[in-house]
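What follows is a set of notes on a single structure, which appears directly below.
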Amino acid sequence: MSEYEVVPQVKDFQPYSAGLSISEIKEKYGLSQVLKMASNENPLGTSPLAARAISRYAEYAFRYPRSGNPRLCSELASFLSVDRECIVPGNGSDEIIDLLIRMLARPGKDNVCAFSPCFSIYALQSRLAGVEFRQVSLREDMSFDWDKLLALTDEDTKMVFLTNPDNPSGFCVDAEEIIELSNRLPSRAILLVDEAYVEFTSDAKKVSLVSRVEALKNVVVTRTFSKMFGLAGLRLGYGVLPVELAEYIRRIRLPFSVNILAEEAGIAALRDEYFYQKTREVVLSGREFLSRELAGLGCRVWPSQSNFLMFTPPEDAQHVFERLLAQGIIIRPLKSYGLDGSLRVSVGNQRENKLFVSALKEIIHG
Ligand SMILES: *Cc1c(COP(=O)(O)O)cnc(C)c1O
């Protein structure tokens, strides 16, 4: 059909399906106000210190960033109490995930394993790299079945992906369980633990693997500024890796993928302790509120350690989603995750949470 010849994996490529945008919905339904609770963005917006840094550095936009973003790496190293050499910043954690797959897995030979459902970027970037992507179901309660995951792996498994806390369920395990998994993996496999939401767990120290990466050798961690740090639109994430792997990524990454504004905003956000604490308070109390209210409306609610909740409404999920949308409230249907009956809502601020609950009440109880 096309006169252009592209590689087979590009020909059949199914792009990432992003949540709906506010302007799309305003236009479609003729609404002036829209609440977006679909993409797990920060309910308090952008850190004021980060916003100020962006304005201050706007006049430097004509300059290339300093190669390797050394200032950001130093700030992150002290924030995380890890060696600076272990840190690689990226244009969102998506970039780090993509680079690791391309750097580690041989097309047509190696495979990558994960649970199903999982964050779609793992599958998309594996397939784009020409690497087989294998999946095994989570348990019905969305918990991790390690034996089933291990049974999926073999001598050609080069990477195993795990999201902790998980998306879309919010399920979370302690680091000790993951360390045990890492000890049982085939010898060539690298375990990537995606900690995009770890800052929202009740005890991040017990959950995170950042301090264990150097000792374990076969574990890498990715994190992001998109959620807790409120910078999703600037695209900033990072990997924490054993030094040797970090050196390889630094060699292959595009030289300026983290731009000046993202770097300065990231540094400012790391220093904004007030914003961090406030976000935690708002999300943890909002999560409790929403989970109680949803259960009260007859929804099954999955326990979440994250800034979102997965729930199954007592009536058709697609219908509920569309009715909310018509009222200007965007949440996330989970059809693309293979969970047709369920929905995911990001924890908003108090006002957003209340508006969402009252709209849902109206839909369910008419
Ligand atoms: C939101 C999210 C990310 C963040 O990706 P960025 O590219 O850093 O914005 C990573 N992993 C999961 C599972 C997520 O939900």
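Counting starts at 1 for both ligands and their atoms, following the listed order. Note that this is a predicted model, so its numbers are computed, not measured. Just so you know, these numbers use all the heavy atoms, side chains as well, and skip hydrogens, waters and symmetry mates.
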Report the distance from atom CG of Leu309 to atom CG of Leu343, rounding to the nearest 0.5 Å. 11.5 Å
Which protein N or O atoms sit under 3.5 Å from any N or O of ligand 1? Give atom names and distances.
{"residue": "ligand 1", "atom": "5 (O)", "partner": "Ser93", "partner atom": "OG", "Å": "3.2"}
{"residue": "ligand 1", "atom": "5 (O)", "partner": "Asp94", "partner atom": "OD1", "Å": "3.4"}
{"residue": "ligand 1", "atom": "7 (O)", "partner": "Ser93", "partner atom": "N", "Å": "3.2"}
{"residue": "ligand 1", "atom": "7 (O)", "partner": "Asp94", "partner atom": "N", "Å": "3.1"}
{"residue": "ligand 1", "atom": "7 (O)", "partner": "Asp94", "partner atom": "OD1", "Å": "3.0"}
{"residue": "ligand 1", "atom": "7 (O)", "partner": "Asp94", "partner atom": "OD2", "Å": "3.2"}
{"residue": "ligand 1", "atom": "7 (O)", "partner": "Arg235", "partner atom": "NH2", "Å": "2.6"}
{"residue": "ligand 1", "atom": "8 (O)", "partner": "Ser93", "partner atom": "N", "Å": "2.7"}
{"residue": "ligand 1", "atom": "8 (O)", "partner": "Ser93", "partner atom": "OG", "Å": "2.8"}
{"residue": "ligand 1", "atom": "8 (O)", "partner": "Thr224", "partner atom": "OG1", "Å": "2.6"}
{"residue": "ligand 1", "atom": "9 (O)", "partner": "Ser226", "partner atom": "OG", "Å": "2.6"}
{"residue": "ligand 1", "atom": "9 (O)", "partner": "Arg235", "partner atom": "NH1", "Å": "2.9"}
{"residue": "ligand 1", "atom": "9 (O)", "partner": "Arg235", "partner atom": "NH2", "Å": "3.3"}
{"residue": "ligand 1", "atom": "11 (N)", "partner": "Asp194", "partner atom": "OD1", "Å": "3.3"}
{"residue": "ligand 1", "atom": "11 (N)", "partner": "Asp194", "partner atom": "OD2", "Å": "2.6"}
{"residue": "ligand 1", "atom": "15 (O)", "partner": "Asn167", "partner atom": "ND2", "Å": "2.9"}
{"residue": "ligand 1", "atom": "15 (O)", "partner": "Tyr197", "partner atom": "OH", "Å": "2.6"}
{"residue": "ligand 1", "atom": "15 (O)", "partner": "Lys227", "partner atom": "NZ", "Å": "3.4"}

Donor + acceptor pair across side chains of Tyr16, Asp94 (<3.5 Å): no
Under 3.5 Å side-chain donor-acceptor pair for Gln318 and Glu322: yes
The ring-ring contact (aromatic ring centres under 6.0 Å, His included) partners of Phe79 (sequence neighbours excluded) come to Phe229
ring-ring contact (aromatic ring centres under 6.0 Å, His included) between Phe161 and Phe119, worked out: CA-CA 9 Å; Phe161 279 94; Phe119 189 46; 9.5 Å; no
Would you mind checking if Arg212 and Glu176 are paired as a salt bridge, meaning a charged N to carboxylate O distance below 4.0 Å? yes
